[in-house]
Protein chains: 2
Amino acid sequence: MRLVVAQCSVDYTGRLTAHLPLATRLLIVKADGSVLVHSDGGSYKPLNWMSPPCQLKVVDRADVEDTADDPTDDPAPLPEEDWVQQWDVVHAKTGDRLRVRLHEILEDTSVELGIDPGLQKDGVEAHLQALLAQNIETLGTDWSLVRREYPTAIGPVDILARDADGATVAIEIKRRGEIDGVEQLTRYLDLLNRDPLLAPVRGMFAAQAIKPQAKVLAHDRGIDCVTLDYDALRGIDDAESRLF
Amino acid sequence: MRLVVAQCSVDYTGRLTAHLPLATRLLIVKADGSVLVHSDGGSYKPLNWMSPPCQLKVVDRADVEDTADDPTDDPAPLPEEDWVQQWDVVHAKTGDRLRVRLHEILEDTSVELGIDPGLQKDGVEAHLQALLAQNIETLGTDWSLVRREYPTAIGPVDILARDADGATVAIEIKRRGEIDGVEQLTRYLDLLNRDPLLAPVRGMFAAQAIKPQAKVLAHDRGIDCVTLDYDALRGIDDAESRLF
DNA sequence: GCCTGAATTTCGACT
DNA sequence: AGTCGAAGTTCAGGC
């Protein structure tokens with residue numbers, strides 16, 4: 001990994017065209033050749049970047065414009081033109097280009113990091129689904145689980161259950177309930193209700209938080225909404241597991 | 001901005017729980033207190049991070065465990081326990097926590113960057129929409145623009161146009177055409193067709209690339225698909241502007 | 001301010 | 001390898 005702090009301007013051409021005016025920034029060149037351009041703010045997203053696989057070519061201004069002209073003949077370059085080194089980064093597959101022109105290099109260090117063991121995660125949607133499946137009775141007395149990831153032609157339904165009356169319920173689980181989740185559940189319900197062995201199937205939209213628009217659309221389509229409390233579900237689960 | 005290269009382990013608790021085992025990484029502390037943990041690979045996303053607004057507290061091991069015990073009495077610490085400095089970063093609003101334990105510091109530099117003028121973009125969906133609106137006749141002879149961002153109760157339709165027969169066409173534009181774009185257009189069409197002054201309104205799904213599943217769904221609902229060539233549209237636009 | 005939709009999204013799982 | 005859905009998404013624009 002190479003870390004450079006420099007006054008630089010940046011141009012990107014690929015999916016879109018973008019330009020960064022001259023300013024002091026952090027440039028990171030990773031082992032795979034990828035380049036990140038960071039400012040001293042924003043969030044984790046760089047101002048500009050090139051993803052791997054790509055190749056970096058460094059060009060020194062002196063090597064390019066080493067003419068025999070008398071320097072006194074040259075007009076003073078504009079600040080934007082007064083670079084000393086240029087990085088040309090080209091994406092190996094898409095051909096996207098990133099050009100960094102360095103004007104003044106304030107820091108330049110390289111360091112060997114080695115491969116990273118990687119991040120271990122816990123507590124996302126898959127976990128919510130497992131917890132709700134294991135505690136399906138929190139949705140109502142005498143509810144029972146049919147199965148998780150119930151397969152259909154257009155994809156698996158998160159949870160299929162039966163309510164106290166034995167009616168089938170298709171449950172769509174999201175961390176955050178938004179309108180597209182309701183659309184997804186609607187497609188499942190359309191399909192499931194064509195199956196005479198299952199029909200009538202009603203829908204339930206379950207999420208840690210559901211946006212008002214999603215609630216309105218769900219209600220309009222006769223889909224119930226329920227807010228999940230991850231900590232509470234985990235608490236129930238822990239309490240149950242302690243019984244054994 | 002502070003740049004630290006160090007052997008470290010990281011723990012995050014917030015929306016989820018995550019852990020990074022001991023390894024050598026780059027740590028970036030930005031002016032707003034935000035912290036990024038980068039490895040020498042992956043893409044622009046850090047392995048872990050804390051977004052602003054947040055506060056960083058640095059704790060030295062020596063200050064915490066400065067006991068009077070005879071050092072020979074202490075059992076040799078496990079590698080994971082053998083840290084020399086700890087960073088506690090707490091998000092000001094959500095309370096999310098990031099803990100970085102530094103074991104060996106290989107680099108530690110600070111640099112003043114100042115505020116960044118920011119990225120200038122070109123060629124995103126808004127631009128596509130403007131270009132297509134200005135060149136609506138590329139969709140068919142004698143087509144005409146009704147208006148961009150045609151307002152409805154559930155949001156604005158990207159473009160409303162009339163075809164050669166005077167029939168109304170609602171156009172949904174995406175950079176990449178996917179299934180939710182078709183769903184969106186379907187909702188607009190349902191609504192627009194309830195308006196006797198407009199009905200019948202047909203739909204057109206326009207994107208630089210449309211996924212097969214989206215095409216199938218669009219076709220199934222009688223929605224036409226069209227692939228937009230951004231460079232060609234821009235070319236037409238440039239050519240037209242040169243006429244004046 | 002919240003809310004909504006796009007993103008050079010990136011990332012992971014599954015087909 | 002392609003496709004699809006989620007993300008501690010982040011980001012920009014509208015109300």
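Proteins come first, then strands; the chains are lettered A, B, ... in the order of their sequence lines, and each starts at number 1.
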Among [options], which is the nearest nucleotide to the side chain of [X]?
X: A/K45; options: C/dT10, D/dT9, D/dT10; answer: D/dT10
X: A/E172; options: C/dT10, D/dC11, D/dA6; answer: D/dA6
X: A/S43; options: D/dC11, D/dA6, C/dT10; answer: D/dC11

Nearest-Å distance for atom pair [atom1]/[atom2], residues [X] and [N]:
X: A/L217; N: C/dT4; atom1: CG; atom2: C1'; value: 14 Å
X: A/D158; N: D/dA6; atom1: CG; atom2: P; value: 8 Å
X: B/I179; N: D/dC4; atom1: CD1; atom2: P; value: 7 Å
X: B/L119; N: D/dT10; atom1: CG; atom2: C1'; value: 14 Å
X: A/Q184; N: D/dA6; atom1: CD; atom2: C1'; value: 11 Å
X: B/I210; N: D/dT3; atom1: CD1; atom2: C1'; value: 16 Å
X: A/Q129; N: D/dA7; atom1: CD; atom2: P; value: 12 Å
X: A/R187; N: D/dC4; atom1: CZ; atom2: P; value: 11 Å

- Item | side-chain N/O B/W49 vs D/dT9 OP1/OP2, d < 4.0 Å |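 No.
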Hey, could you give me the [atom1]/[atom2] distance between [X] and [Y], rounded to the nearest 0.5 Å?
X: B/L3; Y: B/M1; atom1: CG; atom2: CE; result: 6.5 Å
X: B/D11; Y: B/T17; atom1: CG; atom2: OG1; result: 9.0 Å
X: B/L47; Y: A/Y44; atom1: CG; atom2: OH; result: 12.0 Å

- Task: Decide if atom CD of A/E149 counts as having more than 12 heavy atoms of other residues, nucleotides or ligands within a radius under 6.0 Å.
- Result: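 Counting neighbours around CD of A/E149, more than 12 heavy atoms of other residues, nucleotides or ligands fall under 6.0 Å, so yes.
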- If you pin B/K93 and B/A126 to their nearest nucleotides in DNA chain C, which one's is more 5'?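 Checking each residue's closest nucleotide, the 5'-ward one belongs to B/K93.
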- Is it true that A/R202 and A/D224 have a side-chain N and a carboxylate O under 4.0 angstrom from each other? yes
Would you mind classifying the nucleic acid contact of [X] as base, sugar-phosphate or nothing, using non-hydrogen atoms under 4.0 angstrom?
X: B/M50; value: base
X: A/S51; value: sugar-phosphate
X: A/Y44; value: sugar-phosphate
X: A/I173; value: nothing

- Query: Relative to the 5' end of DNA chain D, which residue comes earlier, A/G42 or B/L98, by the nucleotide with the nearest heavy atom?
  - Reply: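 Nearer the 5' end of the strand: B/L98.
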